[in-house]
2 protein chains.
Amino acid sequence: MAEFTSRQKEIIGKAINIISEKGIQELTMKNIAGRINVTEPAIYRHFDNKMNILLAILEYYKTEIEILRKKSEEEEGCLKKIESYTEGHFKNFKKQPAVASILFAEEIFRSDKVLSKKIWEIIDLNQQYIIKTIEEGIAGKEIRNDIPAEYLSIMIMGSFRLLIRKWRSSGYKYDLAKEGKNLWANLNMVIKK
Amino acid sequence: MAEFTSRQKEIIGKAINIISEKGIQELTMKNIAGRINVTEPAIYRHFDNKMNILLAILEYYKTEIEILRKKSEEEEGCLKKIESYTEGHFKNFKKQPAVASILFAEEIFRSDKVLSKKIWEIIDLNQQYIIKTIEEGIAGKEIRNDIPAEYLSIMIMGSFRLLIRKWRSSGYKYDLAKEGKNLWANLNMVIKK
DNA sequence: GTAAAGTTAGTTATCGTTCACTAACATCAT
DNA sequence: ATGATGTTAGTGAACGATAACTAACTTTAC
């Protein structure tokens, strides 16, 4: 399911770029059309309406993080798993900085119920995976056991989100992967047994 | 400077409520006017244009956090200072949940350069205060010295931001002050010497 | 030659904003 | 004290711009 034609993928990509660069207010059918050098109505040959483009963006992002999760599952040790998972995100963001903006899309898509529900499904999926992995780490005595997994997950996810946010607001100036590595090294010291 | 008439304060309050409940997309002159039962043009008797309303919201929020900072400075010990500072925020949010949404306004106001610059000034102000306080704590051997103050500040701020965001998305269902206390207790264990 | 993908030229709705005007109240010279 | 003058805060109607979207026609690729 959710197979997209190459033109649809192009539209999704350009839409993500617009949101990333200018915010949701600038995501108009006209602006999307402008970026692929066609007229507005041409877009409607590929998507029924604007809502379906937004849904497609979320669908695209969901499959991306599912790939990362599966890859990180192959690592040995839960600290390594989380490291691989976050590193994977950073690498994606470096390739396509715009995708990072979807992480904060709850605010962007808040005006619509269907969209915001879908967003929170994705964010929850993310956190559930982190919590599960931390719990494994606590049981395996890799991670300190005096703090519940839920709170550790908040510290990890919260820190990374803030880092990404600052990176975005800087205009993607510095090296996120490097900064992320530093942050992870410090987080690691804090949470390990 | 930045004195507002009672009618202006009313407009600012309703605007914050709209943003909080429905997002920035629903913040229209019509909706603001509707909430105070006047017509649209009446709003222009109190603000020159919509931008000035948005700026006034940020101005209001900035003075609010400055009050909290001064109050927390009176505490003894840097861990107590940070605790007072964050607790103050939570109490404000409980009284007026809508104000919490301003914390995440970078995404909301991203479409405008003047606004987003002002937002980041406020967020930076926040973080600089936390970093300064942590550095005092490291020097005074209250806080662990193996992790730079900057990273500790990211962990603290990132965690609290994530907690608040979840609280908002839950529809302000649970007790933020209580949850915040729990989170702080765990953060405290992690950062103390 | 036909189906997919594009165009031109519109529609309707809503946005922020301005217009001309008015009712209620305050100020002040006579 | 009172009539003239000015101010404040509101109104309904309309403005130009722009949004999402559509009908009808044309181009293009296989």
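Here is the naming used below: chain letters follow the sequence lines, and residue numbers restart at 1 for every chain.
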Considering only distance and modelled atom types, tabulate donor-acceptor pairs under 3.5 Å from the side chains of residues 11-19 of chain A, sequence neighbours left out.
none

Residues in ring-ring contact (aromatic ring centres under 6.0 Å, His included) contact with A:Y61, at least two apart in sequence or another chain: none

side-chain N/O A:H46 vs C:dG6 OP1/OP2, d < 4.0 Å: yes

Whole-Å distance between C:dA5 P and A:F47 CZ? 12 Å

Distance-only polar pair, side chains of B:N49 and B:Y44, donor-acceptor under 3.5 Å: no

Under 4.0 Å protein heavy-atom contact, by nucleotide of nucleotides 7-20 of chain C - B base, S sugar-phosphate only: BBB-----SBBBB-

It should be established whether A:R7 places a side-chain nitrogen or oxygen under 4.0 Å from OP1 or OP2 of nucleotide C:dG6. yes

A quick test of your reading: do over 12 heavy atoms of other residues, nucleotides or ligands sit less than 6.0 Å from NZ of A:K118? yes

Could you walk me through whether A:F4 and A:Y60 pass the ring-ring contact (aromatic ring centres under 6.0 Å, His included) check? CA-CA 10 Å; A:F4 295 116; A:Y60 168 83; 8.3 Å; no

From CD1 of A:I24 across to C1' of D:dA19 the rounded distance in Å is 14 Å

Side-chain ion pair, B:K132 and B:E135, N-O less than 4.0 Å: no

